Trainee: 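Handing you this structure, nothing more for now.
FYI, side chains are in, hydrogens and waters are out, and symmetry mates aren't considered; it's all heavy atoms of this structure. All of these numbers come straight from a predicted model, not from anything done at the bench. One-based numbering, in listed order, for ligands and for the atoms of each.
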Amino acid sequence: MIPYGRQCINEEDIQSVVDVLRSAWLTTGPTIERFENVFADFVGAKYAIAVNSGTAALHAAMFAIGIGPGDEVIVPAMTFAATANCVVFQGGTPVFADVDPGTLLIDPASVESCLSPNTKAIIAVDYAGQPCDYNALEAIAEKHDLVLVADACHSLGARYKDCPVGSLALLNAFSFHPVKHITTGEGGMITTDDPKLAEKMLLFRSHGITTDHRQREEQGSWFYEMVDLGYNYRITDFQCALGISQLKKLPKWIEGRREIAHRYDDAFHSFLRVRPLSVRSEIFHAYHLYVVRLDFEGTKLNRNIVFKQLREAGIGVNVHYIPVHLHPFYQKHFNTRLGLCPIAEQSYEHIISLPMYPMLSDKEQNYIIDCLKEILT
Ligand SMILES: Cc1ncc(COP(=O)(O)O)c(C=O)c1O
């Protein structure tokens, strides 16, 4: 099976993990700060806080901006559940905005229609690796005194008007799951330029406790205080060693992903049943996913049939995503219903994610293209 995404690990990665495994610090050690520093430099942010998942990164962001019961946070319907769940973790209410039909990115006009006196923040999701319309979202946030948070779990390495993702919003969350641009197994990062928010998130990732194990050891002290309710969202040093090693290769991998995307674009250019998502001119796409919209008009096909046939041909396609408001949890607890975000709902019936990762070979890609064309012809 050709997977839809997969990690790329070489001997240098393995050696960097082994080196840390042989060192004194497996967690709360110096490699965490090293990873945070190189990551912050890479995305042009002042602070980076490493945590053990992208979900933890989003949760820390919601904590840092003080989301609580009664607060509403606007999120796109077309995203992974964690984007909305992080609001619920804090007792807040996610409000689902619809997406642009061409890009499937959060639609600023829909965001405006979701505003209420209780709105506190907007979470922009750079779906598939394409940055959102940050100028438009920032203008709404400023006008209504809201915080703009970027769920950049798809877009490490992307740019908006020459600004790297990671420095576009007040808080920016990343994931290092193996299908993402770089991996630490599980892992995440939040970047910000705000020292107070950075400090809050550092406490939050370790139980809300003022010192960590290493600091206490270095100070020869056992004393600590818990000043806030936090979690154990700590990442290990050997994961961070992998992250540092992976980050070195990221620019080359992004180029690889972009080449694959352009080959797909060319292959489907004159095949109208497969429509790649639109790409806005002011952005540099990082292609976490390659999502196409399928046109079934006049055929007996639907997305599920095409999905099944591609899987049977050994092609690990996927669907990103079931609109979050349609999940049973949200229908049950937030009374969300079909019809709330019609563009996300209609798009969901037509989209499929084709394999996309730097090591995908030309031969594999040609096979995927041929199979898809054959099914739809
Ligand atoms: C848009 C988005 N947000 C958040 C997450 C959560 O990241 P993680 O799986 O690292 O917790 C993901 C992961 O798939 C994602 O795609």
Side-chain angles (χ1 to χ4, degrees), residues 3-7 35 39 48-63 73-90 94 96-97 99 103-106 121-132 137 148-158 165-166 168-169 171-191 201 204-205 231-236 239-240 242-243 246 257 277 285-291 316 318-325 327 329-330 344 347-348 351 353 356-357:
Y4 86 88
R6 68 163 300 168
Q7 73 276 14
F35 184 33
F39 194 91
I49 292 101
V51 289
N52 56 19
S53 72
T55 305
L58 286 165
H59 188 184
M62 291 300 105
F63 170 81
V73 177
I74 300 173
V75 302
M78 184 57 79
T79 184
F80 182 57
T83 314
N85 295 351
C86 68
V87 180
V88 183
F89 295 159
Q90 285 298 108
F96 295 96
V99 291
T103 59
L104 302 187
L105 295 172
I106 193 166
I122 304 166
I123 306 182
V125 176
D126 298 335
Y127 178 80
Q130 167 159 224
C132 294
L137 294 171
L148 182 60
V149 174
D151 178 338
C153 289
H154 290 191
S155 57
L156 176 58
V165 163
L168 294 169
L171 293 160
N172 311 271
F174 295 88
S175 162
F176 308 131
H177 180 274
V179 295
K180 300 295 197 299
H181 293 91
I182 64 168
T183 190
T184 57
E186 299 281 359
M189 191 78 83
I190 322 115
T191 59
M201 293 186 292
F204 185 71
R205 82 166 169 199
Y231 291 74
N232 180 351
Y233 281 161
R234 295 188 303 262
I235 191 169
T236 62
Q239 287 174 292
C240 288
L242 181 55
Q246 291 258 301
R257 286 176 178 273
L277 297 184
H285 204 312
Y287 287 105
H288 160 51
L289 301 173
Y290 190 85
V291 178
N318 216 324
V319 176
H320 298 93
Y321 292 96
I322 299 172
V324 181
H325 65 285
H327 284 299
F329 173 84
Y330 282 101
S347 304
Y348 162 60
I351 52 176
S353 304
M356 164 58 83
Y357 51 92

Trainee: For atom 8 (P) of ligand 1, which protein heavy atom lies nearest, and how many Å away is it?
Mentor: Gly54 N, 3.5 Å

Trainee: Report yes if Thr79 has an N/O atom closer than 3.5 Å to an N/O atom of ligand 1; otherwise report no.
Mentor: no

Trainee: Are the aromatic ring centres of Tyr321 and Tyr348 under 6.0 angstrom apart?
Mentor: no

Trainee: Can the ring centroids of Phe176 and Phe39 be said to lie less than 6.0 angstrom from one another?
Mentor: yes

Trainee: Is the distance from the ring center of Phe96 to that of Tyr330 below 6.0 Å?
Mentor: yes

Trainee: Using a 4.0 Å cut-off to any heavy atom of Leu58, which atoms of ligand 1 qualify?
Mentor: 4 (C)

Trainee: Write out the residue and atom name of the closest protein heavy atom to atom 9 (O) of ligand 1, then the distance separating them to 0.1 Å.
Mentor: Ser175 OG, 4.1 Å

Trainee: Taking the six-membered ring for Trp, are Tyr287 and His285 closer than 6.0 Å centroid to centroid?
Mentor: yes

Trainee: Looking at atom 3 (N) of ligand 1, what's its closest protein heavy atom, distance included?
Mentor: Asp151 OD2, 2.7 Å

Trainee: Answer with yes or no after comparing the ring centroid distance for Phe80 and His154 against a 6.0 Å cut-off, counting only values under it.
Mentor: no

Trainee: Go through it in stages, so that I can follow the logic: the residues are Ile49 and Phe204, the test is side chain to side chain contact (heavy atoms under 4.5 Å, CB included), and I'd like the CA-CA distance, side-chain angles, deciding distance and then a yes or no.
Mentor: CA-CA 10 Å; Ile49 292 101; Phe204 185 71; over 6 Å; no

Trainee: What about His154: any of its N or O atoms under 3.5 Å from an N or O on ligand 1?
Mentor: yes

Trainee: Quick one: nearest non-hydrogen protein atom to atom 14 (O) of ligand 1, plus distance?
Mentor: Lys180 NZ, 2.7 Å

Trainee: Would you mind running through ligand 1 and noting each atom that sits below 4.0 Å from a heavy atom of Thr83?
Mentor: 3 (N)

Trainee: Please find out if less than 6.0 Å separates the ring center of Tyr233 from that of Phe63.
Mentor: no

Trainee: Nearest 0.5 Å, what's the NE2-CE distance between His325 and Met78?
Mentor: 9.0 Å

Trainee: Which is closest to atom 5 (C) of ligand 1 in terms of heavy atoms, Phe174, Phe176, Phe80, Tyr321?
Mentor: Phe80

Trainee: So which bit of Val179 gets within less than 4.0 Å of ligand 1, heavy atoms only: side chain, backbone, both or neither?
Mentor: neither

Trainee: Who's the nearest protein heavy-atom neighbour of atom 11 (O) of ligand 1, and how far?
Mentor: Thr55 OG1, 2.5 Å

